[in-house]
Visitor: 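Starting off with a structure, shown below.
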Amino acid sequence: TLTTNHMIVDKVWISDVSKSVNGDAKITELKSVISERAMEILVQGIFVNTGSEVVKGDDGKRTILGTPTEAALLEFGLTIEADRYLEYNSIRRVRVEPFNSVKKKMSVIIELPNGGFRSFCKGAPEIILGHCDNVLNGEGDIVPLSDMQKQNVLNIINSFASEALRTLCVAFQDLDEFSEEQTIPENGYTLIVLFGIKDPVRPGVRDAVMTCMAAGITVRMVTGDNINTAKAIAKECGILTEDGIAIEGRELHDKSSDELKELLPKIQVMARSLPMDKFKLVTSLKSMYQEVVAVTGDGTNDAPALCESDIGLAMGIAGTEVAKENADVIIMDDNFKTIVNVARWGRAVYLNIQKFVQFQLTVNIVALIVNFVSACVIGTAPLTAVQLLWVNMIMDTLGALALATEPPNDEMMKRSPVRRGDSFITKVMWRNILGQALYQLLVLGTLMIVGKRLLNIEGPTADKTINTLIFNSFVFCQVFNEINSREMEKINVFRGIFRNWIFVGILTATVIFQVIIVELLGTFANTVPLSLELWLLSVVLGSVSMIVSVILKCIPVESVKRDAKPHGYELIPEGPEAL
């Protein structure tokens, strides 16, 4: 997810010789200092104990099928002695034990052409090193592995890991006899080689991690790799910071609930983790801190964590079918940057729904109170059924289309995340709803009660004219309030408005249809044509709602904001001073 997933062998340690092998010249140099027997055992171990295979396409080009790690080792073996691949690949394998995440190794027993058997195992260095009693020296002879040599190998493992190289050991053991009923030996091996495999970080990952952190999303790395490798990659990606810690998965099981609660917020990297370690991390964050947790995974063993998380993200390329079935979202390119896009679009949808609800509640409150109070006091409602149907179309269908089609922007990733249990209608929304409703009620109430006297509207159509003016002013208040609803907190509501052509088109269509309804469909809508002065008055009264919106947004509203750390909350004001 963080790296390119295209691995190459960058360094090797064999027979007390540590060499960089990222080039044909360096591989030739390695072959010149290593004995022929040691090189032969190394190549045999690579070719017979692998989960990859070499195939030739129709164009004759060689392709390696398998996991990136296996492919990197096989590519290295082919670079050394490609001619021996078919010979070693045809050797009979008596027993094969595939790699699994619990043992962190894979093993094979082969029958040697000259009689006898040979066992190869490869996997996590600390696991393989624990199985070894001997080591292959420069002449290709087997010599005892002393404590000093073992410590030296551990230092080299840490050295490789600190360079963000994934480390892997290969060992072998010769057996006089072996039956298919026997299990593969767990000790008595001879260490052959230590590989340092490079998997470069994807371009843009560091920026994506910084974007997540600015958005209050805490990014944690959970990996099966060596802890030093994980720390080096995490630092390169910007995940591991000075106040964070890196631990191994087994340390989670040794902690009490109180210790775990204190430790969890500081954990940024968890290395050498088993699938259930990831599961425990997810459940602990949800139960102890009520965090909303998203998990990425690609293997079958990740299914419990993916299923338990609030948002499961499976890898589309490297992911197994089981992982995809237990996930909510499938990342088609296996790239961390895409996960940031998921968060950005999720926030965009949530905010757009909030904008629409704010707009809809304002229209509903005003329409309900105006008609109800008018019917009770005067005996007639200023807004007819047809007019209310038109307002309902503006409010529901057109309003939803206009506000729900707002595309995501970078500003959304600077907002605090919504916590579990937070109210959908926030205090900021109530401020805007009640403020706008109060203004609209004041305007419409004034027109309804003293409008005819203030505007000198007389004659047999005076009542119809004032009701038409009320209807027209009400519609234009909603048109301008729709623009106000684009931003619930920021004053500049016009920013990026012309990038959303649907929004502009709906506003334009609403105004055109309003003119047609008032001027041409009077019989149908119970309206009369208005003079230019009354049209301008309706537009001015509607546009004043934008000034009201600016005033409302200058009123601070306290709400719970969250920083990038779990369980970190503080009361800070929203509004211009918060920006």
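The first residue of the sequence shown is numbered 1, and numbering continues consecutively from there. Below, each value reflects all heavy atoms present in this structure, side chains not excepted, and no hydrogens, waters or symmetry copies.
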Visitor: Quick one, Arg37 with Glu40, criterion salt bridge (charged side-chain N to carboxylate O under 4.0 Å, His left out). Give me CA distance, side-chain angles, the key distance, then yes/no.
Guide: CA-CA 5 Å; Arg37 171 172 162 73; Glu40 180 184 340; over 6 Å; no

Visitor: I want to know whether Phe195 and Phe160 have ring centres closer than 6.0 Å.
Guide: no

Visitor: Does Asp302 reach the main-chain N or O of Asp298 with its side chain, forming a donor-acceptor pair under 3.5 Å?
Guide: yes

Visitor: Hey, which of Thr229, Asn228, Asn226 is the one that makes side-chain hydrogen bond (donor to acceptor under 3.5 Å, both in side chains) with Asn158?
Guide: Asn228

Visitor: Please walk me through it: do Val201 and Phe336 pass side-chain contact (heavy atoms from CB on, under 4.5 Å)?
Guide: CA-CA 10 Å; Val201 172; Phe336 185 82; over 6 Å; no

Visitor: Just by modelled atom types, is the Lys261 backbone N or O under 3.5 Å from a matching donor or acceptor in the Tyr289 side chain?
Guide: yes

Visitor: Quick one: does Pro185's side chain get under 4.5 Å of Ile109's, heavy atoms only?
Guide: yes

Visitor: Provide the closest heavy-atom pair for Gln354 versus Phe424 in the form atom of the first, atom of the second, distance.
Guide: NE2-O, 2.8 Å

Visitor: Using side-chain contact (heavy atoms from CB on, under 4.5 Å), reason through Val205 and Val209 one step at a time and then give a plain yes or no.
Guide: CA-CA 6 Å; Val205 162; Val209 170; 4.2 Å; yes

Visitor: Please report the closest heavy-atom contact between Gly188 and Asp133, naming both atoms and the distance.
Guide: CA-OD2, 3.3 Å

Visitor: To check you understand the geometry: which heavy-atom pair defines the closest contact between Val135 and Thr190, and what is its length?
Guide: C-CG2, 3.6 Å

Visitor: Test your reading of the model: is there a side-chain donor-acceptor pair from Asn409 to the backbone of Met412, 3.5 Å cut-off?
Guide: yes

Visitor: Is it the case that the side chain of Ser15 and the backbone of Asn137 share a donor-acceptor pair, with hydrogens and angles ignored and the cut-off at 3.5 Å?
Guide: yes

Visitor: Looking at Met429, is its backbone amide N or carbonyl O close enough to the side chain of Thr426 to form a donor-acceptor pair, meaning the two atoms are under 3.5 Å apart?
Guide: yes

Visitor: Could you check whether any side-chain N or O of Thr223 sits under 3.5 Å from a backbone N or O of Ala271, counting only pairs where one atom can act as donor and the other as acceptor?
Guide: no

Visitor: So do the side chains of Ser273 and Lys278 get within less than 4.5 Å of each other, counting heavy atoms only?
Guide: no

Visitor: Please assess Val9 against Glu75 for the test side-chain contact (heavy atoms from CB on, under 4.5 Å), listing each intermediate value before the final yes or no.
Guide: CA-CA 8 Å; Val9 176; Glu75 183 68 43; over 6 Å; no

Visitor: With side-chain hydrogen bond (donor to acceptor under 3.5 Å, both in side chains) as the test, pick out the partner of Arg118 among Glu111, Gln173, Gln44.
Guide: Gln44

Visitor: Would you say the side-chain atoms of Arg93 pair up with the backbone N or O of Ile110, donor to acceptor, closer than 3.5 Å?
Guide: no

Visitor: Could you walk me through whether Tyr189 and Ile128 pass the side-chain contact (heavy atoms from CB on, under 4.5 Å) test, one step at a time?
Guide: CA-CA 8 Å; Tyr189 281 89; Ile128 302 301; over 6 Å; no

Visitor: Can you name the closest pair of heavy atoms from Asn49 and Lys122 and give their distance?
Guide: O-NZ, 2.9 Å

Visitor: I'd like to know if the side chain of Thr167 and the backbone of Pro125 have a donor-acceptor N/O pair within less than 3.5 Å.
Guide: no

Visitor: When you measure from the side chain of Lys324 to the backbone N and O of Ile330, does any donor-acceptor pair fall under 3.5 Å?
Guide: no

Visitor: Under 30°, 30 to 60°, or over 60°: which ring-plane class applies to Phe47 and Tyr88, parallel, tilted or perpendicular?
Guide: tilted

Visitor: Establish, from distance only, whether the side-chain atoms of Asp258 and Ser256 form a donor-acceptor pair under 3.5 Å.
Guide: no

Visitor: Name the residue from Val293, Val269, Leu240, Leu285 that meets the side-chain contact (heavy atoms from CB on, under 4.5 Å) definition with Arg220.
Guide: Leu285

Visitor: Between Thr283 and Glu308, do the side chains contain a donor N or O and an acceptor N or O under 3.5 Å apart?
Guide: no

Visitor: Indicate yes or no: at least one non-hydrogen side-chain atom of Ile197 is less than 4.5 angstrom from one of Leu73.
Guide: yes

Visitor: Could you name each residue pair satisfying salt bridge (Lys or Arg N to Asp or Glu O under 4.0 Å) that touches residues 265-275, not counting sequence neighbours?
Guide: Glu126-Arg272

Visitor: Any idea which heavy atoms bring Lys286 and Glu291 closest together, and the distance?
Guide: CG-O, 3.8 Å

Visitor: What distance separates Phe99 CZ from Glu70 CD, expressed to the nearest 0.5 Å?
Guide: 9.0 Å

Visitor: Using a 4.5 Å cut-off on heavy atoms from C-beta on, say whether the side chain of Val222 contacts that of Asp277.
Guide: no

Visitor: Side chains of Gln151 and Asp147: do they bring a donor and an acceptor to under 3.5 Å?
Guide: no

Visitor: Would you mind reporting whether Lys105 and Glu186 have side-chain heavy atoms less than 4.5 Å apart?
Guide: yes

Visitor: Which heavy-atom pair separates Gly299 from Ala323 by the least distance, and what is that distance?
Guide: O-CB, 3.6 Å

Visitor: Got a sec, which pairs hit salt bridge (Lys or Arg N to Asp or Glu O under 4.0 Å) with one end in residues 9-25, sequence neighbours left out?
Guide: Lys11-Glu163, Lys19-Glu29

Visitor: Donor-acceptor pair, distance only, cut-off 3.5 Å: does the side chain of Asn352 make one with the backbone of Ala348?
Guide: yes

Visitor: Listing request: all salt bridge (Lys or Arg N to Asp or Glu O under 4.0 Å) pairs with a residue in residues 222-238, at least two apart in sequence or in separate chains.
Guide: Arg166-Asp225

